[in-house]
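Taking it in order: structure first as structure tokens, then the write-up.
Worth saying up front: this structure is predicted, and the values here are computed from it rather than measured.
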Amino acid sequence: MNALPLAFATPAVLIALAALPLIWWLLKLTPPRPKTEVFPPLRILAGVLKRDETPSKSPWWLTLLRMMLAALVVFALADPVLNPRNASLSTDGPLVLVVDNGWATVADWDRRVATAEALIGDASDRDLPVSIVFTADASHDAVPAGAAAALERLRAASPKPLRPDRVRALDALRAALDGTRPGTLAVLSDGIAADDKEDLMAGLADLSPAQLRLVEGDNAAATAITGASNGADALTVTLSRLDGSAARSLIVDAQDRQGRVIASGNVDFTAGATVASGQIAAPFELRNDFARLSIAGLATAGATHLLDDGFRRRRVALISGDAGDNFQPLLSPLYYIERALAPYADLIKPGVADLAVSVPEILAQKPSAIVLADIGRLPESVYEPLQAWIAGGGTLIRFAGPRLAAAPVGDPLVPVILRQGERELGGALSWAEPQPLADFPKFGPFAGMPRPDGVLIKRQVLAEPTPDLAERTWASLADGTPLVTVRETGAGRTVLFHVSAEATWSDLPISGEFVEMLRRVVQMSRAGTAAANADPAARATLAPFRLLTERGALTAETGNARPLDLGEARPASATFDNPPGLYGTEDGFAALNLLPAGAELKPLKVDTALAVTREPLAGTAAMPLKPILLSLAFALLIIDSLVVLFMGGAFSRLPRRAAAASVVALASVLLFAPGDRATADDAKPGDAVILERLDNTHLAYVVTGEAEVDQLSENGLRGLTDFLTYRTTLEPAPPVGLDITKDELSFYPIIFWPISATAPMPSAAAISRIDAYMRAGGTVLFDTRDQFSALGDESGPSANGERLQAILANIDIPPLEPVPSDHVLTRSFYLLTNFPGRYTGSPLWVEARQEAKTSNSGVASTGDGVSPILITGNDMLGAWAIDANGASVLPTVPPDEMQREMSFRSGVNIMMYMLTGNYKADQVHVPALLERLGQ
């Protein structure tokens, strides 16, 4: 039964309310005083014409006003008191106080203490023993004692940044009473249930108290942060509140380590909702500076959410050694990596294909990790910056592939020594069947993950056996060969997956374990975190570093807090042994928050068989209403007096104040700034040349710096252009000579490079631009023009061949092979068996078709089947060269016009191959398709 929230000191005065009908009748019979008007008569006549008759009684609204005034006076004389305190205690047993002192009691803790003091004072007056327990304390002394001892314990208590453990308090109370029946049992509750299974009031009712009271504060504003997720574009915060009756909007502030608010967002609760989410929109870099979240206006441990380094989104750069194929995305080396990391990290890609330019630009953006997918060689200029970045805490993740398998030994950015070539089914180093994965070792980031079922490895790069290979292996195959290896360098590491990033070498990229493996490796890139960089045994537990107070502030006082277990026993939320706070050191720490993720605030259950008396805290008790009622009555009296004076005409003689209309002059001035208009004079130098070259297909050659070679290259491409125009529908524009140090290369599908040992050696920057051009999908045909001079020479490569080797030493080229008989180049326009120039006999080298080695499909691997590099020594440009009259400039060796014809046909096939890719290769499937269609 609830206590009456309103009482009267002299209730007999309320009998006077019965006289209100009589007062109403008297007021209705009393007319108002006649209104007086001054001369002239016209004003009197005007007033007479405005009304039909003079009122003979008071208006109803004036009568109602006076009735309200009389009623207020009667209520005030009765001396009402709001929330009168019930001082009655049962004398059938000791007074038992169960006081909540958790995180939600911070706002009204003083009132709780005042309420408990008043109850203890009443018990002292009746010589009753007092038993008191605090639900957020780790230990309890619930044995009934004197009132003075209870007051001493009450004044020493304080709110805790913890959730109440009422079950523990109830057990301690039951043991202390030992069957003694309480007289008055008062629960000073915060109104929040600890969990769905808690039933405090039913447990207290089992103690059979003579009187059970529930004292509640105004805790409707109790709100806590129950989750935070750092998404791709914004941080999402989840809040839970106790009272969901009305709509409410709250502001959540994000603070840095110094406590400064650097971003804010709104969380809007709709009427009836107790859980809501909102976003804090901020740039990626700013969100990574967030150290904690707090609800504006609420200073509690529940309204504060701590963040650690694990919360930060990593910035991961993705670099591929292959341009990929937009029409076949599943063959792209980065396709599966992007989809695996997109939910957990912010991904960036290089703006240009030139690694000498893009890698420094990426390092300037301070990524946490860099992924290199099948890159065998890097420009010399980027090795030192990459190594410094790794030593500073970065994680370099590399994936194998044909380029890495063909790369020279000794790469400083590979964690182990690799054997040349790769191990595959049907190869020299082959398995009898595809290999599954072995169980993950107990060390490393994959510890605890189940062994992937159904994942088979068909090809991999092998590591040379070394004494420390087992220590560097994070994952291996069933036969013991390493699958993932690592090398620590300073604060960072280099990780190598010995399979490709797409599903041609293994099933790993299309498995769910691939996502988790990448996520764990990237998560290790946290900068300077003790939990990540320490020894595994040392990071099993973390000592308390900074703990959260009940008001949401961090303090260095750790008290009796125990180290945080990071293993399977790690708590999901704060406990008595591990209060909310930061655990670790200044260099790195882990955050433990008050509430577990997804928690909801729910009201305390009060369903019991025993009657419960509900009453408020002492801060709202014994509030006299007499002064308020008398003040309202006096205000109504003033209003009544003014109305009577107005109706009597007392204000009619006052001069009227003329309302001066203020006129604002609006002057609008239209300012027309002379706009910048593009004219022909504003065009950048070279724009006309670019537009001209984009208008049509041009054959391009590299300007070597030797006038004779460059003239021969121009004449040769002019001859091929004429042949293409006469024999095919392709009509190229005049050939173009390129300065590879500054000219834009992406306009041309293929670039012809005649190698000359006497020409100046290209700079590293120029070679890097060629590497970027090839990586972006372009093709370079290197012609050493040394087939005739190399005949019968067993001493080694020619001078032009050595120059080509020097150029290719700094280019990440894939494995090469002579053009197979079933290659697309042999049938892209003409049916060919070889590719002669001035000379014949030198093979035309192209990218080795990795997927076609054990297949007869003839389909090339990536980039729509177009090899990024072609190498020959047959001097094709010399065979194509013509003079102004269209006559051939140089003879073939041996002199044979059919050889020249076949050389031109080779050029046509090369151009069609460049422009159509594996279109012709797909034609091998036409008979099978027609057969299935029944045609």
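For the pair Thr226 (side chain) and Gly598 (backbone), a donor-acceptor distance under 3.5 Å is absent. Panel note: side chain Trp389, backbone Ile370; no donor-acceptor pair is recorded below 3.5 Å. For the pair Arg520 (side chain) and Pro445 (backbone), a donor-acceptor distance under 3.5 Å is present. No side-chain donor-acceptor contact under 3.5 Å links Thr115 to the backbone of Val113. In terms of modelled atom types and a separation under 3.5 Å, the side chain of Asp137 and the main chain of Ser139 share no donor-acceptor contact. Between the side chain of Ser131 and the backbone N or O of Ala142, at least one donor-acceptor pair lies under 3.5 Å. Without hydrogens or angle criteria, Asn101 side chain to Pro159 main chain gives no donor-acceptor distance under 3.5 Å. No donor-acceptor distance shorter than 3.5 angstrom exists from the side chain of Arg163 to the backbone of Ala136, with no hydrogens or angles considered. Between the side chain of Thr105 and the main chain of Gly102, a donor-acceptor pair closer than 3.5 Å is present.
Rounded to the nearest 0.5 Å, atoms CZ (Phe576) and CG (Asp165) are 4.5 Å apart. With values rounded to the nearest 0.5 angstrom, Leu207 atom CG is found 9.5 Å from Leu212 atom CG. Distance CG/Leu298 to CZ/Arg551: 12.0 Å, rounded to 0.5 Å. From Leu200, atom CG reaches atom OG of Ser189 across 7.0 Å, with rounding to the nearest 0.5 Å. Atom-to-atom distance recorded for Arg213:CZ and Glu216:CD is 14.0 Å, nearest 0.5 angstrom. One finds the CZ atom of Arg314 at 13.5 Å from the CG atom of Leu347 (value rounded to the nearest 0.5 Å).
Between Trp103 and Leu162 the shortest side-chain heavy-atom distance does not fall below 4.5 Å. Ser573 places none of its side-chain heavy atoms less than 4.5 Å from the side chain of Leu592. You'll find the side chain of Val215 reaches within 4.5 Å of the side chain of Leu617, heavy atoms only. For the pair Phe134/Val98, no side-chain contact is recorded, criterion being any heavy-atom separation below 4.5 Å from C-beta on. Val316 places none of its side-chain heavy atoms less than 4.5 Å from the side chain of Asp346. Annotation: side chain of Ser264 is not in contact with side chain of Val252 (no heavy-atom distance under 4.5 Å). The side-chain heavy atoms of Leu242 and Pro603, taken from C-beta on, include a pair separated by under 4.5 Å. The side-chain heavy atoms of Val99 and Ile132, taken from C-beta on, include a pair separated by under 4.5 Å.
Atom CE of Met68 has 12 or fewer neighbouring heavy atoms from other residues, nucleotides or ligands inside a 6.0 Å radius. The neighbour count for Gln365 CD, taken as heavy atoms of other residues, nucleotides or ligands under 6.0 Å away, is above 12. A 6.0 Å sphere centred on CD of Glu557 holds no more than 12 heavy atoms belonging to other residues, nucleotides or ligands.
Taking all atoms of both residues into account, the shortest heavy-atom contact from Asn593 to Pro580 is C-CB, 4.1 Å. Considering every non-hydrogen atom in both Leu318 and Glu338, the closest pair reads CD1-CG, 3.4 Å. Between Ala317 and Ile362 the shortest heavy-atom distance is CB-CG2, 3.4 Å. Heavy-atom minimum distance, Arg570 versus Ala590: NH2-CB, 3.9 Å. Residues Ala561 and Tyr583 come closest through the heavy atom pair CB-OH, 4.4 Å. Nearest approach of Arg313 to Pro343, heavy atoms of both residues: NH1-O, 3.3 Å.
Salt-bridge annotation for Glu550 and Lys160: absent, with no side-chain N of the basic residue lying under 4.0 Å from a carboxylate O of the acidic one. Between Asp171 and Arg168, no side-chain nitrogen of the basic residue sits less than 4.0 Å from a carboxylate oxygen of the acidic one, so the salt-bridge criterion is not met. Classification of Asp253 and Arg260 as a salt-bridged pair fails, no side-chain N sitting under 4.0 Å from a carboxylate O.
For the residue pair Asp100 / Thr135, a side-chain donor-acceptor distance below 3.5 Å is found, with atom types taken as modelled. A side-chain donor-acceptor contact under 3.5 Å links Ser249 and Asp268. Defined by atom type and a distance below 3.5 Å, a donor-acceptor pair is present between the side-chain atoms of Gln255 and Ser294. Under the 3.5 Å distance criterion, with hydrogens and angles disregarded, a donor-acceptor pair is assigned to the side chains of Asn230 and Arg287. Checked by atom type, the side-chain pair Ser277/Thr238 shows a donor-acceptor distance below 3.5 Å. At a cut-off of 3.5 Å, with distance as the only test, a side-chain donor of Thr395 or Arg493 sits close to an acceptor on the other residue. In the model, Thr575 has no side-chain atom that pairs as donor or acceptor with a side-chain atom of Asp577 under 3.5 Å.
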Notebook entry, point to check: Should Val521 and Phe446 be marked as a side chain to side chain contact (heavy atoms under 4.5 Å, CB included) after you check the CA-CA gap, both sets of side-chain angles, and the distance that decides it?
Noted result: CA-CA 8 Å; Val521 173; Phe446 309 145; 3.7 Å; yes
Next item on the list: Test side chain to side chain contact (heavy atoms under 4.5 Å, CB included) on Thr304 and Leu293 and set out the steps.
Entry: CA-CA 6 Å; Thr304 302; Leu293 307 173; over 6 Å; no
Check: How far apart are the C-alpha atoms of Arg292 and Arg257, what are their side-chain angles, what is the distance that settles it, and do they pass the side chain to side chain contact (heavy atoms under 4.5 Å, CB included) test?
Finding: CA-CA 8 Å; Arg292 61 177 174 173; Arg257 289 194 179 186; over 6 Å; no
